[in-house]
Amino acid sequence: MTPPAPSAPSAGAVTRDALAVLQPGFTGTTAPDWLLRRLGEGLVSVGLFGRNVADPAQLAALTGRLRAERGELLVAIDEEGGDVTRLEVRGGSSFPGNHALGAVDDPALTRAVARELGRRLADCGINLNWAPSADVNSDPANPVIGVRSFGADPQLVARHTAAYVEGLQSAGVAACTKHFPGHGDTAVDSHHDLPRITADLPTLRARELVPFRAAVAAGTRAVMSAHILLPALDSEHPATLSPAALHGLLRAPAAEGGLGFDGLIVTDGMEMRAIAATYGIERGSVLALAAGADAICVGGGLADEDIVLRLRDALVRAVRDGELPEQRLADAAARVRALAGRPPGADEGEGAGPAPGIGLTAARRALRLTATGPYEPLAGPAYVAAFTPLANFAVGDETPWGVAAELARLLPGTETATRTAEAAAAAGPAALVDGLLTAAAGRRLVAVVRDVHRHPWMADALHRLLAARPDTAVVEMGVPQAPPQGALHIATHGAARVCAQAAAEALTGRGPLPVE
């Protein structure tokens, strides 16, 4: 006897599944009524950003209110530590980022830092972190990854990615390893346009994919796709929309050349121009689900009820029109619900207790100091020249950076001046530096730079400043390259607040001096 064919899902079930695959954001530090209503209708995930965070108590109250509406809920955040922080968006992170941890190259330290970060997230009710970045920073001029990467060596990135995943998930927070299949060899920021990576498939397997294999082996609960075009994989669609990348590479078993990942696939923000300007957000979301993605991340820029309804209706319409198979949407929704119902348990790790000072410890160990002559610590108020590039979109411009605040705490009376590319263009490099020399008025100068190798105006100004004042101390808070000639060069490998604190200690002789 032939068994009856399974009945088609009702329109209500399809609508609930369409809501379930969305990870939207919202504005404000309390949950809006529309969000609570949609949680009751089937929404399973909520994404948090810096605009939603005032302090840990407020954040815990917010997530508690969300879970009062829906108990099994994924509350996600983009908390990488280092330069990209949402928990401490207005003060700077208590944890160094990936590049600093890679510079130390102690996986046990990386694991401990990630566990402590995860513990703080869990205390605030967050159970999914859109981190770590597993990108190999193979192009040092990359405008979007940089210090968000553990480094340029695939094996180093792999061991620290695995350690980070283990540490974070041991605290009960699911890791979402990103940006698959690797965003480190791009010259374009996908927030602004569609990057293209021309590496062949053997290169991708030997370089970009190595850390993702390690993450899968370490048990990462989720992987985030990248909006990048890799013709070696798919000449038409970026990875987020590519069946070849998501199904054929990430999902496929190892025996077929894939990574064998069976967890949640999350897209990067769909309002990023790499997708939105080419496909549109609704069309892009349908294609992403059809390609194998399970969750649609949106809300970094578009953060209201309208975008949720637009995407919900686009997915329902795609099922009705036969463009998106019903079962594909149902499978994606099931994966989201499964993770919401069973996030990682805190018993997955080594059971270590809180480690409140681990971030500063790691930042101190990450410092690299190069001196061309005898080093004399700053003994009195200094003058800090902060050469400030345009903020990376992922980092944002709310989070402070630089060493001036930490130096002023140790040496009251320290002053600072900020100089930008616009200021350099308006005044001219010579006048810009002359102004700094006049304002310093004989005090010790500290030049603070960020990825100086990527900004010709910054390199020019620094060269002129060192020629006039060779006793200037240089603090590089981005990806360090060959240090310039000068009395002192400190590489912090990131701009987290603890990195600034460690640098200020070194400048004043109050901390360890790891001279190279």
> What is the distance from atom CG of L62 to atom CG of L48, rounded to the nearest 0.5 Å?
6.0 Å
> Who passes ring pair (Phe, Tyr, Trp, His ring centres under 6.0 Å) against F212, sequence neighbours left out?
F180
> Any chance you could measure L230, atom CG, to L249, atom CG, to the nearest 0.5 Å?
9.5 Å
> Answer yes or no: is there a side-chain heavy-atom contact under 4.5 Å between E79 and W130?
no
> Report the distance from atom OG1 of T110 to atom CD of E166, rounding to the nearest 0.5 Å.
11.0 Å
> For residues L22 and L315, determine if any side-chain heavy atom of one lies less than 4.5 Å from a side-chain heavy atom of the other.
yes
> Any side-chain to backbone donor/acceptor pair from E256 onto G258? Under 3.5 Å, distance only.
no
> Between N98 (side chain only) and V157 (backbone N and O only), is there a donor and an acceptor less than 3.5 Å apart?
no
> Salt bridge or not between D306 and R310? Use side-chain N to carboxylate O under 4.0 Å.
yes
> Could you tell me if S242 and D234 have a donor-acceptor pair between their side chains, going purely by distance under 3.5 Å?
yes
> Run the side chain to side chain donor-acceptor pair (under 3.5 Å) check on N137 and H99 step by step: do they pass?
CA-CA 10 Å; N137 199 43; H99 208 62; 5.5 Å; no
> Decide, yes or no, whether a salt bridge links R148 with D451 under the criterion of side-chain N to carboxylate O below 4.0 Å.
no
> Between R335 (side chain only) and I265 (backbone N and O only), is there a donor and an acceptor less than 3.5 Å apart?
no
> If you apply the rule salt bridge (charged side-chain N to carboxylate O under 4.0 Å, His left out), what do you find for R51 with D78, and how did you get there?
CA-CA 12 Å; R51 62 180 180 245; D78 189 8; over 6 Å; no
> Any donor and acceptor pair, going by atom type alone, linking the side chain of S149 with main-chain N or O of I145 inside 3.5 Å?
no
> Indicate yes or no for a side-chain donor-acceptor contact from D55 to the backbone of A57 under 3.5 Å, with no hydrogens or angles considered.
yes
> Is a side-chain donor or acceptor of E208 paired with a backbone partner of V136 at a separation under 3.5 angstrom?
no
> Please assess V44 against R70 for the test side-chain contact (heavy atoms from CB on, under 4.5 Å), listing each intermediate value before the final yes or no.
CA-CA 8 Å; V44 182; R70 185 182 189 91; 3.7 Å; yes
> Apply side chain to side chain donor-acceptor pair (under 3.5 Å) to residues R90 and T399 and explain how you reach the verdict.
CA-CA 5 Å; R90 293 168 190 85; T399 306; over 6 Å; no
> H183 and D268: side-chain donor and acceptor closer than 3.5 Å?
no
> Under 4.5 Å between any side-chain heavy atoms of P344 and V173, yes or no?
no
> Walk me through it: do D33 and R37 pass the test salt bridge (charged side-chain N to carboxylate O under 4.0 Å, His left out)?
CA-CA 6 Å; D33 290 341; R37 186 168 62 255; over 6 Å; no
> Taking side chain as C-beta onward, heavy atoms only, is L66 less than 4.5 Å from L35?
yes
> Does the side-chain contact (heavy atoms from CB on, under 4.5 Å) test come out yes or no for I77 and N129, once each step is laid out?
CA-CA 5 Å; I77 200 167; N129 190 11; 3.9 Å; yes
> Within the side chain of Q23, is there an N or O that forms a donor-acceptor pair under 3.5 Å with the backbone of S45?
no
> Is any NZ, NE, NH1 or NH2 atom of the basic residue among E88 and R497 found under 4.0 Å from an Asp or Glu carboxylate oxygen of the other?
yes
> Regarding E72 and R342, does a basic nitrogen lie under 4.0 Å from an acidic carboxylate oxygen?
no
> Could you tell me whether D321 and R317 make a salt bridge, using a distance below 4.0 angstrom between a side-chain N and a carboxylate O?
no
> Between R450 and D83, is a salt bridge (charged side-chain N to carboxylate O under 4.0 Å, His left out) present by the stated rule, with each step listed?
CA-CA 11 Å; R450 200 171 185 176; D83 292 30; 2.8 Å; yes
> If the threshold is 4.0 Å, N to carboxylate O, is there a salt bridge linking D200 and R205?
no
> S170 and R115: side-chain donor and acceptor closer than 3.5 Å?
yes
> Considering non-hydrogen atoms only, spot the tightest contact between A293 and T267 and give its length.
CB-CG2, 3.8 Å
> Donor-acceptor pair, distance only, cut-off 3.5 Å: does the side chain of E116 make one with the backbone of A355?
yes
> Nearest 0.5 angstrom please: N52 CG to T27 OG1, how far?
7.5 Å
> State whether a side-chain donor-acceptor pair under 3.5 Å links E80 with S133.
no
> Flag the pair T240 / M270 as yes when at least one side-chain heavy-atom distance between them is below 4.5 Å, and no otherwise.
yes
> Does this structure show an ion pair linking R312 with D17, if we count only N-O contacts that are shorter than 4.0 Å?
no
> Check step by step if side-chain contact (heavy atoms from CB on, under 4.5 Å) holds for H237 and L229.
CA-CA 6 Å; H237 300 105; L229 187 67; 5.6 Å; no
> Please step through salt bridge (charged side-chain N to carboxylate O under 4.0 Å, His left out) for the pair K178 and D135, ending with a clear verdict.
CA-CA 7 Å; K178 61 187 183 186; D135 306 294; over 6 Å; no
> Do D331 side-chain atoms and A334 backbone N/O form a donor-acceptor pair below 3.5 Å?
no
> For D105 and G102, indicate whether the former's side chain and the latter's backbone hold a donor-acceptor pair under 3.5 Å.
no
> Could you go through the side-chain contact (heavy atoms from CB on, under 4.5 Å) check for L19 and V308 one step at a time?
CA-CA 8 Å; L19 280 171; V308 172; 3.9 Å; yes
